[in-house]
Amino acid sequence: MPTNAEAAEILRAIADLLDLEGERFKPEAYRRAARSIETLTEDLKAVAERKELDTIPGIGDAIAEKIQEYLKTGRIAYYDRIRSEVPPGVLELMRLAGVGPKTARRFWVELHITSPKELREAIDAHRLEGVSGIGPRKIELLRSALGPTAARVGTRIPLTEAYAVAQRLLAAIRATGRVERIEAAGSLRRRRETVGDLDLLASSPDAKGVFDVVSGLPGVHEVLLRGETKETVRLDSGLQVDVRVVASNEFGAAFVYFTGSKDHNVHLRTIARDRGLKINEYGIFQGEERVGGATEDEVYAALKLAWIPPELRENRGEIEAAAAGTLPELVTERDVRGELHWHVPPNATREDIEATLAEARRRRMEYVGAVVAGTSVEGGSVKIERGALERLGELHGKRPSGMPIVWLVGEVAGTGTGPEGMELDYLVRRPTKGPAPASRKAFLPTLVIAHLDPTAPPAGTDKERRAWIDWAASHDAALEMGPGPSRLDSIGGGEVRARNGTLAIPTGLGSSPDDPTFPVALGLARRAQANAAQILNARSRAEIEQLLAPRATQERRG
DNA sequence: GCCGTTTTCGGCCCGACTGTTTTCAGTCG
């Protein structure tokens, strides 16, 4: 089944081809459409079935028709046609660092170079020397772009990974005291599921000093470029980091600009122009006069807009909503009142448990659901290993008084009662493949959190994830936002929200302080436009108990 | 190709940086 990512990829390929043909505005139109599809929190096919493709920003009649064709046949005739007009290697040339459509086209048309391999041969044969516009430095850059250590262009890493790297860099830079302020911007701040590079924005009167610090950080492999206000470095991992330094009174304008998205920015600047203003990364300008830009609020206010949460800045209607005062209320960190999925370490001591619960209390949590492995489902009935029962009982005994632990839970647990005096009040399933068989209805418990296998590779999970969204919806289960390294669940979150379903947000309780789980999961839920009412663990302890009570009675009767 | 309280045609964000240039083109974000 075609995925959103695959459709976007084809549109991007069309854009590249049109670029090579020298088209002026079409390539950007196709790229805009591709970006729009990539950030969709819903399956393209579902939108197409509702005949609402043209409501997606950047998609009009022509592209909607091509997407329909693609969803139906898996091909786009227009793409096949224009692709046949360009040697495939020319597109690869364009993906080399420093080579854009103009240069690639010149290689192809003027120099008959149609692949990276041929470019390498041309360089070795000194065929590029003396070509106008290509000097010795450019040839050197091309040589390294072709080399084995060349940066992987266009590869993106999972948000959790990027988040952790960014936190490490930010902490190291802040510790030097050379910046007044430094924050991560870009797609990381928008909590996109994947991140292509890190954008760090700093305010400091001494940009050079900041760049010196950044260049010398551990893990920085090389400096790719450095100017007056901007430095780009590459980490040992290959990840690129852009650092921009502005004055403190420019921070707001720069923060908006470097947070993006590109389409959001373009839209903002267009509105500004229509109002006789100009917005750039240095501020808001009326003619020559600078009229603001110290804070993000000032920038949006200048355009008569409410401040827009970064997770929504994708030009998907958020600007219109901000103008109309109809921005959705998003769940916030403060809304989350409990953790429902704390995995108890197998050999946890009383002290370990107390430490975690103390952390929960510090974080103002009202409850903690503890998970113990060791349960399974066999032939339609729940089987709990004796060991798991014992651990649950033991844990129950270790529960410190006055601590906000309220339930003990088995992973893939059933509805039966647990050890004496304790009930398994809800179930946390860890499916590995496909939806649960219908027979499991027989033992459906009171409260369900469904979550995807954290170790499953991202490839091919779309279908699996959809099956689970369906299952969760039909069984009144909450779907946990998955922040695991390869779990990218914002599409799931979007669909659950669209169906008025419930999400659960893991809080990373018991992990290290810079664990990315909570900020990432919260961000994905916010990108899916979930509000507090749609978050299971944003409910109070009383509400959760109420949710459980009548059903538990029913189960016992049944 | 998209889009619209300056609408159905005529526009299309804005700036940093680099290399190859005597003032700019190309790339990138």
Side-chain angles (χ1 to χ4, degrees), chain A residues 11 14-15 18-19 21-36 53-67 78 82 93-107 128-142 145 151 153-154 185-187 195-201 207 211 223-232 240-246 250 253-254 256-285 303-304 315 320 323-324:
Chain A
L11 294 180
I14 292 175
L18 292 171
D19 246 340
E21 291 182 357
E23 283 281 355
R24 189 103 167 73
F25 294 105
K26 283 190 195 180
E28 202 38 43
Y30 275 95
R31 287 200 185 94
R32 205 160 50 227
R35 285 195 297 270
S36 210
L53 282 176
D54 60 359
T55 65
I56 298 172
I59 296 182
D61 292 343
I63 294 183
E65 202 173 303
K66 291 181 177 72
I67 292 172
Y78 174 69
I82 60 174
L93 284 176
M94 218 170 89
R95 292 190 190 106
L96 296 172
V99 179
K102 297 282 185 349
T103 311
R105 188 179 171 82
R106 283 195 66 196
F107 284 152
L128 258 48
E129 288 163 24
V131 175
S132 76
I134 298 175
R137 180 84 186 114
K138 186 82 187 172
I139 292 174
E140 243 357 88
L141 287 174
L142 287 170
V153 178
S187 51
V195 171
D197 60 12
L198 298 183
D199 294 294
L200 306 184
L201 174 66
F211 297 150
V223 176
L224 295 177
L225 61 87
R226 186 201 266 214
E228 300 281 309
T229 66
K230 175 182 168 179
E231 177 177 46
T232 301
Q240 204 164 296
V241 183
D242 291 338
V243 185
R244 196 68 191 258
V245 179
V246 298
E250 297 165 343
V256 170
Y257 177 65
F258 291 110
T259 298
S261 69
K262 179 188 170 85
D263 296 320
H264 180 88
N265 287 345
V266 169
H267 196 159
L268 288 184
R269 290 179 177 198
T270 305
I271 292 175
R273 202 186 41 197
D274 292 347
R275 289 180 173 275
L277 299 170
K278 186 176 81 169
I279 292 181
N280 59 26
E281 56 265 57
Y282 301 112
I284 311 151
F285 297 87
L303 305 178
K304 303 272 190 288
N315 194 33
E320 291 82 354

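Per chain, numbering begins at 1; letters A, B, ... match sequence-line order.
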Under 4.0 Å, heavy atoms only, any strand: does A:P101 hit a base, just the sugar-phosphate, or nothing?
sugar-phosphate

Non-hydrogen side-chain atoms of A:R273 and A:R269 separated by less than 4.5 Å:
no

Any base atoms under 4.0 Å from A:Y257, or only sugar-phosphate, or nothing? Heavy atoms, all strands.
base

With sugar-phosphate meaning primed atoms plus P, OP1 and OP2, does A:E281 contact a base, only sugar-phosphate, or nothing at under 4.0 Å between heavy atoms?
sugar-phosphate

B:dG11 and B:dT6: how far apart are their C1' atoms, nearest whole angstrom?
12 Å

Go through B:dG1, B:dG19, B:dC13 for me and flag the one nearest to the A:K138 side chain.
B:dG19

When both distances are under 3.5 Å in a Watson-Crick or G-U wobble arrangement, the nucleotide paired with B:dG15 is B:dC28

Provide the distance between the two P atoms, one in B:dT22 and one in B:dG26, to the nearest whole Å.
14 Å

Is a side-chain N or O of A:N265 found less than 3.5 angstrom from the main chain of A:Y257, in a donor-acceptor match?
yes

Separation of the C1' atoms in B:dT23 and B:dC17, to the nearest angstrom
16 Å

Starting the side chain at C-beta, find the nucleotide from B:dG29, B:dG15, B:dG1 nearest to A:A62.
B:dG1

Do the side chains of A:R244 and A:E281 get close enough for a salt bridge, i.e. N-O under 4.0 angstrom?
yes

Could you measure the distance from the CZ atom of A:R106 to the CD1 atom of A:I134? Nearest 0.5 Å is fine.
5.5 Å

Does A:F107 reach the side chain of A:L142, with side-chain heavy atoms less than 4.5 Å apart?
yes

Which part of the nucleic acid, if any, lies within reach of A:K262 when heavy atoms closer than 4.0 Å are counted: base, sugar-phosphate only, or nothing?
base

Under 4.0 Å, heavy atoms only, any strand: does A:K230 hit a base, just the sugar-phosphate, or nothing?
sugar-phosphate

May I ask you to verify if any side-chain N or O of A:T229 is less than 4.0 angstrom from the OP1 or OP2 atom of B:dC17?
yes

Has A:F25 got its ring stacked on B:dC12, by the test of a centre gap below 5.5 Å and a plane angle below 30°?
yes

Say we look at B:dT20 and B:dT27: how far apart would their P atoms be, to the nearest angstrom?
13 Å

Which nucleotide in the list B:dG1, B:dC12, B:dG15 gets nearest to the side chain of A:I63?
B:dG1

May I ask you to say what A:L268 touches in the nucleic acid, namely base, sugar-phosphate or nothing, with a heavy-atom cut-off under 4.0 Å?
nothing

Pick base, sugar-phosphate or nothing for A:L18, based on heavy-atom distances below 4.0 Å to the nucleic acid.
nothing

A:R269 side chain N/O closer than 4.0 Å to the phosphate oxygens (OP1, OP2) of B:dC14?
no

Considering only the P atoms, how many Å lie between B:dC3 and B:dT8, rounded to the nearest integer?
16 Å

NA contact type, A:R24, heavy-atom cut-off 4.0 Å: base, sugar-phosphate, or nothing?
nothing

Between A:G58 and A:L277, name the one whose nearest nucleotide on DNA chain B is closer to the 5' end.
A:G58

Look at the side chain of A:K278 and decide which nucleotide, out of B:dG15, B:dG19, B:dG29, has an atom nearest to it.
B:dG15

Return the CD1 to CD1 distance between A:I67 and A:I56, rounded to the nearest 0.5 Å.
6.0 Å

Looking at A:N280, does any N or O in its side chain come under 4.0 Å of the phosphate oxygens OP1/OP2 on B:dG15?
yes

With heavy atoms under 4.0 Å as the rule, sort A:E228 into base, sugar-phosphate or nothing.
sugar-phosphate

Taking OP1 and OP2 of B:dT27, is either one under 4.0 Å from a side-chain nitrogen or oxygen of A:T103?
yes

P atom, B:dT21 versus B:dA25: distance in rounded Å?
13 Å

Which residue, A:K102 or A:G135, contacts DNA chain B at a nucleotide closer to its 5' end, judged by nearest heavy atom?
A:G135

A:L225 side chain, from C-beta outward: closest of B:dG15, B:dG1, B:dC17
B:dC17

